[in-house]
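Chain naming here is simple, since letters A, B, ... match the order of the sequence lines and numbering starts at 1 in each.
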Amino acid sequence: MANDLVRAARVRAGFSSVEFMMAAVILGAALVPMYSMFVRSSTTITRSRLAYTALQVAREEIEELRQLPFAAVVSHDWEPVTGHLFRRTLPHRGQNTSPLAALPLNYPDEYKRIETKVTVAPLTDAPSIPPRYKEVVVEVRYQETGEGSERQPPAISRFETLVGVLNVERPNGP
Amino acid sequence: MARESWRSRRGVTLVEVLLMSFLSIALLVVAYNLLGRSVKVSDASSHSLRLQVGARNLVQNIVDDMGQTHMLLPPPAGPLENNLSLATYLDATGNGRLPLNTSAAYPFLETTGPTRQRLDVIRVDYVFDPARRRVVRREVTGILEMGSRDNEPFFLQDFTFRPGSTPAVERELATSVEKFEITPVGYEPGSGRLVRAGPGGPIGLEKTACIALHLVAVEDEGAYAREPKVPRIEILTKIWCTKRTNDEMYREYFSSGDEDLRY
């Protein structure tokens, strides 16, 4: 009986095909998460790029509002970032006569994924006093993944600022 | 009976060998492909990240510098469209700006002679090197001399930068840059119309109130030379100069130390 058991152990050295297939399945299961980790890091970097571009759009919007005439600081609903770079300023700064409108300064196609919304509320101490400040909320949203009907819910960021004005006459200069 | 069954189970059959060989090869092929793709994705990610960091560095530095810029200057070398030169205040808190009403009681009004002002500044140059595909930021302290012209004594219209003795400090901000284009834009006096600033334009470079920056960084060399899809970042943005926009919006309050000396 003991000799039989020893012989059985010697004969069973090595592995069967079933054991080999199980090892292969386990190895495959270990490789797949590693691959998905690399893919996920690439997706994260792409999202980071879009987020940074959207942040720049928000900064642009706020800076531009601060230099517009007070009456021109008005609300607008969600609009994609397309067209001429100075599309918001030129209507108040010589749209029809400024040669700037002819310059090739159009937003790249990727910017279509980004939309902005501006909400303006005048701040006034009393109804009889014309408002000297406006409270501005700039919202930016951007499509991270998907095109057309596969668009995923967009990511949204929100920025708030104040725009003020003093209504004075300006002299001419050289 | 047991001894015979042990003898028959020694070794493997040909079918088992073929099956295991087939499985081994299939597994190796799959693992090799996965490894190759993972390395490719990881490499593209690292290049993309490097381009992003460079672009962020560059844009953020320009935004900060434009926020404390007194005026734009002609670049020391290279075309105006691909280089940016700024005369900035000494620091972001405003130290070094000319305080309001610094001049003695309107000597220019009495003598109508030439007027000179001097301002301690830091000259910041953003230089695009197309051969090495990089953008370098260089800064040097010095003095900005502003003077009036004989026929227009009240307005400072001649600007000269004189570097100091401190050596320039240089730093590479972005690499793999394919395009670095600057379009200076300013307000036309009188009309407030937004026009291009600089040589050939209706206003001088010193009146620049905003720059349009177009930056494209692409990794299309080496292993990516023949790839259809390469790591790339493109930014088109406008960056306003705080001082110039305040001058335009509140000219009566921010003109002292400016080129209009009547206040």
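Heavy-atom distances place no part of B/Ala209 under 4.5 Å from chain A, backbone and side chain included. Proximity to chain A (any heavy atom under 4.5 Å) is shown, for B/Thr242, by neither the backbone nor the side chain. Of the atoms belonging to A/Ser48, heavy atoms from both backbone and side chain fall under 4.5 Å from chain B. With a 4.5 Å cut-off on non-hydrogen atoms, B/Ile239 touches chain A through its backbone and its side chain both. At a 4.5 Å heavy-atom cutoff, B/Val39 makes no contact with chain A through either its backbone or its side chain. Interface remark: B/Gln52 contributes side-chain atoms only to the contact with chain A (heavy atom separation under 4.5 Å). With a 4.5 Å cut-off on non-hydrogen atoms, B/Leu27 touches chain A through its side chain but not through its backbone.
Taking OG1 of B/Thr183 as the reference point, atom CG of A/Leu103 lies at 6.5 Å (rounded to 0.5 Å). Going from atom OH of A/Tyr111 over to atom CD of B/Glu234 covers 7.5 Å, rounded to the nearest 0.5 Å. Note that the CG atom of B/Leu213 and the CD atom of A/Gln56 stand 9.0 Å from one another [nearest 0.5 Å]. With rounding to the nearest 0.5 angstrom, the CG atom of B/Asn246 is 9.5 Å from the CZ atom of A/Arg66. Remark: B/Asp43 CG to A/Ser42 OG distance equals 11.0 Å, nearest 0.5 Å. Taking CG from B/Leu49 and OG1 from A/Thr46, the interatomic distance works out to 10.5 Å, rounded to the nearest 0.5 Å.
Contact between A/Asn106 and B/Leu236 at its shortest, heavy atoms only, is O-CD2, 3.2 Å. Minimum heavy-atom separation, A/Tyr52 to B/Ile235: CE2-CD1, 3.7 Å.
Of the residues considered (B/Ala44, B/Ser38, B/Ala212), B/Ser38 shows the highest number of contacts with chain A, using heavy-atom pairs under 4.5 Å. With chain A as partner, the option from B/Arg37, B/Arg56, B/Glu188, B/Glu181 having the largest number of non-hydrogen pairs under 4.5 angstrom is B/Arg56. Counting heavy-atom pairs closer than 4.5 Å to chain A, the top-ranked of the candidates B/Val185, B/Val195, B/Leu19 is B/Val185. Looking only at heavy-atom pairs under 4.5 Å with chain A, the residue among B/Cys210, B/Ala26, B/Ser45, B/Ala31 that has the most is B/Ser45.
Remark: side-chain polar atoms of A/Gln67 are not paired, donor with acceptor, to backbone N or O of B/Thr245 under 3.5 angstrom. Checking side-chain atoms of B/Lys238 against main-chain N and O of A/Leu85 turns up a donor-acceptor pair under 3.5 Å.
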